[in-house]
A.B. asks: 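Dropping the structure in here first, questions after.
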Amino acid sequence: GAMRQLPYFCRGEVVKGFGRGSKELGIPTANFSEQVVESFPSDIPTGIYYGWACVGNGDVHKMVLSIGWNPFYKNIKKSVETHIIHTFKEDFYGEILSIVITGYIRPEKNFDSIDALILAIQEDIEEAKRQLDLPEHLKLKEDNFFHQPEGKIVNSR
């Protein structure tokens with residue numbers, strides 16, 4: 001069912017998350033606001049996805065994305081967190097993040113330890129890199145969605 005919705009185009013402001021990505025995992029993620037998360041189709045399954053991401057008018061980079069429930073919120077609120085496979089010099093809270101989700105890696109799952117979680121994320125990143133080098137995914141990197149004129153913020157198309 002995941003693939004029917006893909007590719008999925010989305011754009012929104014980056015907000016502060018829980019700070020766990022960078023501090024505990026060493027894997028920084030960009031969080032979308034609740035409004036953006038709520039605009040996602042409700043039938044997109046939770047899990048780990050990959051695709052392309054662009055901050056502001058910057059370059060387009062590979063990314064891994066998690067769509068899932070946050071136990072802190074007692075599963076009322078779904079979160080969408082993007083890990084861009086690129087090293088940024090500084091935070092980009094308040095910037096507009098544009099993403100295209102092109103494929104699905106695996107369902108969400110629980111881990112026994114933080115090390116097991118980090119290992120799984122690193123494997124997801126490697127899988128994303130491999131998939132995004134395939135021509136059918138690579139072509140979306142050049143999509144016009146990433147090169148919109150300033151000031152036009154469109155949530156989805």
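Note: hydrogens, waters and symmetry copies are ignored here, and every other heavy atom, side chains too, is used.
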A.B. asks: Can you name the nearest heavy-atom pair linking His83 to Pro28, along with the distance?
C.D. replies: ND1-O, 2.8 Å
A.B. asks: Please check if the side chain of Trp52 supplies one atom and the backbone of Glu142 the other of a donor-acceptor pair under 3.5 Å.
C.D. replies: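 It does not hold such a pair.
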A.B. asks: Could you tell me the separation between the CD atom of Glu13 and the CD atom of Glu95, rounded to the nearest 0.5 Å?
C.D. replies: 9.5 Å
A.B. asks: Are Ile84 and Leu97 close enough that some pair of their side-chain heavy atoms sits under 4.5 Å apart?
C.D. replies: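 A side-chain contact exists here, since the closest heavy-atom pair is under 4.5 Å.
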A.B. asks: Going from CZ on Phe32 to CD1 on Ile96, what distance comes out if it is rounded to the nearest 0.5 angstrom?
C.D. replies: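 The CD1 atom of Ile96 is 9.0 Å from CZ of Phe32, to the nearest 0.5 Å.
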A.B. asks: To the nearest 0.5 Å, what is the distance between OH (Tyr104) and CD1 (Ile44)?
C.D. replies: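 CD1 of Ile44 is found 11.5 Å from OH of Tyr104.
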A.B. asks: Suppose we screen for side-chain hydrogen bond (donor to acceptor under 3.5 Å, both in side chains). Which residues come up paired with Thr29, at least two apart in sequence or across chains?
C.D. replies: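 For Thr29 the side-chain hydrogen bond (donor to acceptor under 3.5 Å, both in side chains) partners, ignoring immediate neighbours, are Glu81.
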A.B. asks: To the nearest 0.5 Å, how far apart are CD in Glu136 and OG1 in Thr102?
C.D. replies: 8.5 Å
A.B. asks: Taking C-beta and beyond as the side chain, do Phe146 and Val100 meet within less than 4.5 Å on heavy atoms?
C.D. replies: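 In short, these two side chains touch, coming nearer than 4.5 Å.
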A.B. asks: Among the clusters formed by ILVMFWY side chains lying less than 4.5 Å apart, do Tyr93 and Leu65 turn up in the same one?
C.D. replies: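 Yes, because Tyr93 and Leu65 connect within a single hydrophobic cluster, where side-chain heavy atoms sit under 4.5 Å apart.
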A.B. asks: Under the 3.5 angstrom rule, does the side chain of Arg106 hit a backbone N or O of Asp124 as a donor-acceptor pair?
C.D. replies: no
A.B. asks: Compare all side-chain heavy atoms of Val64 with those of Ile121 and state whether any distance is below 4.5 angstrom.
C.D. replies: no
A.B. asks: Side chains of Ile101 and Met63, heavy atoms from C-beta outward: is any pair under 4.5 Å?
C.D. replies: yes
A.B. asks: Check side-chain hydrogen bond (donor to acceptor under 3.5 Å, both in side chains) between Glu126 and all other residues, then give those that pass, not counting sequence neighbours.
C.D. replies: Lys129
A.B. asks: Quick one: CD1 on Ile48 to CD on Glu127, what's the gap to the nearest 0.5 Å?
C.D. replies: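 Those atoms lie 12.5 Å apart.
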A.B. asks: If the condition is side-chain hydrogen bond (donor to acceptor under 3.5 Å, both in side chains), which residues does Lys62 pass it with, not counting sequence neighbours?
C.D. replies: Asp133
A.B. asks: Hey, can you tell me if Phe40 and Tyr8 have their rings parallel, tilted or perpendicular (30° and 60° cut-offs)?
C.D. replies: tilted
A.B. asks: Measuring from Leu119:CG to Phe111:CZ, what's the distance to the nearest 0.5 Å?
C.D. replies: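 These two atoms lie 8.5 Å from each other.
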